[in-house]
2 protein chains.
Amino acid sequence: METRERLTTAMAELLWERGYAATSPRDVLARAGVGQGSMYHHFDGKHGLAVEAMERVVADLLAPSALLADGDGSPLDRLKRYLSLPRAGTRGCRVGRMTQDPQVVADAELLGIVAGAFDTMLGRWSDAIADAVAAGELPASTVPDDLARTLAAVIQGGYVLARAQGAQEPMDAAIRGAVALLDAASAAARAATSA
Amino acid sequence: METRERLTTAMAELLWERGYAATSPRDVLARAGVGQGSMYHHFDGKHGLAVEAMERVVADLLAPSALLADGDGSPLDRLKRYLSLPRAGTRGCRVGRMTQDPQVVADAELLGIVAGAFDTMLGRWSDAIADAVAAGELPASTVPDDLARTLAAVIQGGYVLARAQGAQEPMDAAIRGAVALLDAASAAARAATSA
DNA sequence: GTCTATACCGGGATAGAC
DNA sequence: GTCTATCCCGGTATAGAC
C-alpha cells in the first residue's frame, strides 16, 4: 500500500510541474524512490498511474469550492471570497493545465476526469451566482451559467498570464479587476431595485 | 527562400495543433515536404525554427488588436467588439498555449516572445479601457491595468474551458458574461455621473 | 541547398531473478 | 512485491553523397 501511495503522489507532483507528456515513468520512479517494476505491478503503466493521480488531485481541488455554497456572508461575498483565494499563478492550475496537453486531450479517460472537474466547479459557480441574483446583489438580467464561465475563465486565464510573465502579479490583477466588475454590477443592481 | 518559408509555416501549424514539446522535427519535415537535412541547413534545429515560427505567429495575432485602438464606436463598444471577435475555443490560443509547455517556459528565448506578446496586448487593452473611463463609460474607480488583465484572462480562460469540454460554447458563454458585466459596470458609471 | 543514412539518447514497457 | 536488466521505438542531431 505504501508503494502505491508514493507512486501516485510522485505522479501528481510531476503532472503539476511538467505536465503529462513531459513526465516519464523514469522521473516518477526516481521521485517515488521505487524500482522500475513496481509501477507496472500496481498499474498498467503511465496512463493508469496518471488516471489515479488525477482523480485524487481533482478531489483535493474541488474541496475548497464548498466555500461557494456555504460560509459566512452574502452570496456575493462568497463569490468574491472564493475568487480571492490565494493562488500561486506561476505554478499553473493542476487541472486546467492538462487541457493544453495534446496527449491528455487525446486520452478519453484523462480528459473525462478534467471535464468532470470543470462541470462540477461550474455548477457550483452557477448556483452561487443564482443565489446572488435572487438576493438582489447582481442584476436580474444576469445569466448564471454565463457568468460562471466568465469567472472560472478569469482564474484559468490568470494562470496563463502569470506564467507568461513569470510573475504572480498578473493573476492578482485579473482577480482584482473581476471583483471590481462584480462590485460595479452589484451597484447597478441595487440602483435598479431602488428605482 | 521557398524551403525556409515552408518550414516555418509547418512549424507554426504544428505548434498550434500539438504544442512545442509534442512536435518533432520529423513531423515538421513531413508536413513541409522537405528532407531531413534542409531544416539543419536553414536553422540551428528545432529551437531556432520554433523561434522564427513563433515570431511570425505573434505578429499575426497582434494585428487584430488594432481594433482596440481604432475603429468606429465608443471606447466601450470597441472593447466589447474585440472581446466578441470569433475565436475557435477548442483549438486554443496559439500564444497562450505555449505558457503551459514546460519546455517553452524553460526556454528564455521562446518565453520572451510569449511574454512580449502579452505585454503588447495588455498595453492595448489598458489604453482602450482608460479611454472608456475618460468617456464616462466605465466607473472612475476602474483600474485600467487590472481590468485589462481581467479581460485578457477571460479570453485565455475561455480557451481552457472550451478545450476541457471539447466544445465552443464555454468560450462564447465566458465572453457573453464578461460583456454583460461591462454593461452593468457601465450602467453604474452613468448612474453615478448623473447623480 | 537538399537529400538519405545513420548515430545517440531517452521514453515506455517487459522479463525474470530475488 | 520489488528489484535489475533489457528491448524496442521514436526524438533529435550529424555525416556526407549528390
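Worth knowing before you read on, the calculation uses all heavy atoms, side chains too, and leaves out hydrogens, waters and symmetry mates. If you're wondering where the values come from, they're calculated on a predicted model, not measured in any experiment.
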Peer 1: Under the side chain to side chain donor-acceptor pair (under 3.5 Å) rule, what pairs show up with a residue in residues 57-73 of chain A, not counting sequence neighbours?
Peer 2: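 For residues 57-73 of chain A, and leaving out neighbouring residues, the side chain to side chain donor-acceptor pair (under 3.5 Å) pairs sorted by first residue read A:Ser65-A:Arg124.
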Peer 1: Can A:Arg87 be said to sit on top of A:Tyr82's aromatic six-ring, NZ or CZ under 6.0 Å from centre and within 45° of the ring axis?
Peer 2: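 Yes, A:Arg87 sits over the ring of A:Tyr82.
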Peer 1: Could you give the CG-to-P distance, from A:Leu7 to D:dG1, as a whole number of Å?
Peer 2: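 Going from A:Leu7 (CG) to D:dG1 (P), I get 14 Å.
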Peer 1: Kindly give the heavy-atom pair with the smallest separation between A:Val133 and A:Ala140, and that separation in Å.
Peer 2: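 Heavy atoms of A:Val133 and A:Ala140 come nearest at CG1-CA, 4.1 Å.
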Peer 1: Scan nucleotides 11-18 of chain C nucleotide by nucleotide, 5' to 3', and note B when protein non-hydrogen atoms come under 4.0 Å of the base, S if they reach only the sugar-phosphate, - if neither.
Peer 2: BBBB----
Peer 1: Hydrogens and angles aside, do A:Asp183 and A:Ser186 bring a side-chain donor and acceptor to less than 3.5 Å of each other?
Peer 2: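 On atom types as modelled, these side chains do not qualify, holding no pair under 3.5 Å.
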Peer 1: Nearest whole Å is fine: how far is D:dA13 P from B:Leu49 CG?
Peer 2: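 In whole Å, D:dA13 P lies 11 Å from B:Leu49 CG.
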Peer 1: To the nearest 10 degrees, how far apart in direction are the end axes of the helix from C:dG1-D:dC18 to C:dC18-D:dG1, each fit to five base pairs?
Peer 2: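 Answer for the end axes of this duplex: 10°.
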Peer 1: Figure out the CD/P separation between A:Glu2 and D:dT2, and round it to whole Å.
Peer 2: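 So the two atoms are 9 Å apart, to the nearest Å.
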Peer 1: Check each of A:His41, A:Met39, A:His42 against A:Arg4 using the side-chain contact (heavy atoms from CB on, under 4.5 Å) test, and report the only one that passes.
Peer 2: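 Output: one option passes, namely A:His42.
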Peer 1: What is the distance from NE2 of B:His42 to P of D:dA13, rounded to the nearest Å?
Peer 2: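 About 16 Å, once rounded to whole Å.
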Peer 1: Check B:Arg176 with B:Glu169, please: is the shortest side-chain N to carboxylate O separation under 4.0 Å?
Peer 2: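 Salt bridge between B:Glu169 and B:Arg176, a charged N being under 4.0 Å from a carboxylate O: yes.
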Peer 1: Taking 4.0 Å as the cut-off, does a side-chain nitrogen or oxygen of A:Thr3 come that near to OP1 or OP2 on D:dG1?
Peer 2: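 Negative; the distance criterion is not met.
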Peer 1: In this structure, how many angstroms lie between the C1' atom of C:dT2 and the CZ atom of B:Arg6, rounded?
Peer 2: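 Atom CZ in B:Arg6 sits about 12 Å away from atom C1' in C:dT2.
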Peer 1: Is there a donor-acceptor contact under 3.5 Å from the side chain of A:Thr120 to the main chain of A:Gly116?
Peer 2: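 Checking the backbone N and O of A:Gly116 against the side chain of A:Thr120, a donor-acceptor pair under 3.5 Å is found.
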Peer 1: Which heavy atom of A:Val105 sits nearest a heavy atom of A:Thr99, and at what distance?
Peer 2: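 Reported closest heavy-atom pair: CG2-O, 3.4 Å.
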